[in-house]
Amino acid sequence: MVEFSRPKGTQDLLPEEQPYWEYVKAQVSGLARQYGFERLDSPIFESTALFARGVGEATDVVEKEMYSFRDKGDNPITLRPEFTAGVVRAYIENGMRVLAKPVKLYSLGPIFRYERPQAGRFRQFHQFNAEIIGIQDPLADLEAMLLAWDLYANLEFQGLSFQLNSTGCPVCRPKYTEALVAHYQDHLDEICEDCKRRIKSNPLRVLDCKQAQCQPVIASAPKIMDCLCDECADHFATLRGYLDALEKPYTINHRLVRGLDYYTKTVFEVWAEGIGAQAAVCGGGRYDGLVELLGGPPTPAVGFASGLERVIMVMKSQGVAVPVLPAPPVFVAYLGKQTRRAAVRLLVDLRAAGLGAQVAMSGSLKSQMRQANRRGARFVIIAGEDELARGEVAVKDLADGKQETVALTALVPSLQEALSAV
Ligand code: HAM
């Protein structure tokens, strides 16, 4: 029994996991920059009121899932349960409204939600988040969707599909909500307790219910597509036109409503094989009212976020290989205590020349050679007293076991040459 264990729903990302993380982070950042997104890092914690207002008081995230506390100055603080509200706050606070539109921003980092942990669902996880601020045209929606799609396509994910819907706007959504609530009122004795609550607090979320008893009621519920105003219907049709022209496969999913209140018009997810019930590898949509809601000028925007744990789960289940993280190629060993100082001098000189190097910190020469092997070194420098006195060291190539004597003055160039050939 260990005395301390990590909090439920968190993970220790051990060294053997890191090749996946390094690779995925490099992929997402590289692609985002290639598509014209610039990085924005907002704080990991923000004022609680920002998320309450931005994400919505009646959402599960705000109602049940936030890590909120008062800091020592008695300020209500929340560990970010998503990026969008913080990015929009930063956009407003830093006067980014004056920038040429669209403002395309991406972020990468930990997110916190007090959820019930299961496969693919954690309490601390990581998102790659992208936002396109300032453009109403569905081209911006398309651009967000393409970034998500191409990320997964570049990772060679199989079985991808876009799930697409519109959530309407403040003009048409109330009419739809009214029709939906009326339908549910007619089926009150058939639905679960949660849905009874939801039709009062957050009616669209009934469409998300997974309970078996609610499925027939969902199936016969009115569809938002039939209630969209002309502007929303046009917007959706134009986006579909772009997707059709690019032959991107998508499924119109009338039940896709998403869990955050700020969405207007487009909502989408990408589902991938390999993460079981947690099929959404990313989710997002348009949020034309959020900038204004948080105190900025009316500004349309669209974006998405992808959970990196889920991306890595898909990679593993689909067998996507990642490059190994190279170990320092040089290991400095020594014979006898007297040579330690010289070994350390060699270590520092090798590093100063830009070579990855480590030094043995204990053990006989035999044990030092074993350490070099275990640490994945290619060359071992053996500093022996007699050789040092002659201005030389032995260099052993662990790949073929060959050992040669090299003059100290020629050590760096000869290692550089040998390593450049590897
Ligand atoms: P979200 O759907 O709540 O949207 O989260 C986006 C993605 O984060 C999900 O598709 C999933 O991959 C991952 N995710 C969510 N919860 C967890 C969890 N507990 N454990 C592991 N992964 C998780 C948002 O957060 C919006 N802010 C996205 C957005 C940006 N919309 C517009 N702009």
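Note that ligands are numbered from 1 as they come in the structure, with each ligand's atoms numbered from 1 the same way.
For the atom pair OG1 (Thr299) and CE (Met96), the distance works out to 12.0 Å, reported to the nearest 0.5 Å.
Of the N and O atoms on the side chains of Asp244 and Tyr250, at least one donor lies less than 3.5 Å from an acceptor on the other residue.
Salt bridge status for Arg286 with Asp141: present, with a side-chain N to carboxylate O gap under 4.0 Å.
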Without placing hydrogens or testing angles, list every side-chain donor-acceptor pair under 3.5 Å for residues 180-188, not counting sequence neighbours.
{"from": "His183", "atom 1": "NE2", "to": "Val217", "atom 2": "O", "distance (Å)": "2.8"}
{"from": "His183", "atom 1": "NE2", "to": "Ser220", "atom 2": "OG", "distance (Å)": "3.4"}
{"from": "His187", "atom 1": "ND1", "to": "His183", "atom 2": "O", "distance (Å)": "2.9"}

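Of the N or O atoms in Val302, none lie within a sub-3.5 Å distance of an N or O in ligand 1. Here's the thing with Tyr262: one of its N/O atoms is less than 3.5 angstrom from an N/O atom of ligand 1. By the 3.5 Å distance cut-off applied to N or O atoms, Gly284 is not counted among the residues near ligand 1.
Under a 4.0 angstrom heavy-atom cut-off, Arg258 registers as being in contact with ligand 1. Using a 4.0 Å cutoff on heavy atoms, Glu309 does not count as a contact of ligand 1. By the 4.0 Å heavy-atom criterion, Gly120 is counted among the residues contacting ligand 1.
Counting heavy atoms closer than 4.0 Å to ligand 1, residue Ile111 contributes nothing at all.
Heavy-atom minimum distance, Thr84 versus Glu131: OG1-OE2, 2.8 Å.
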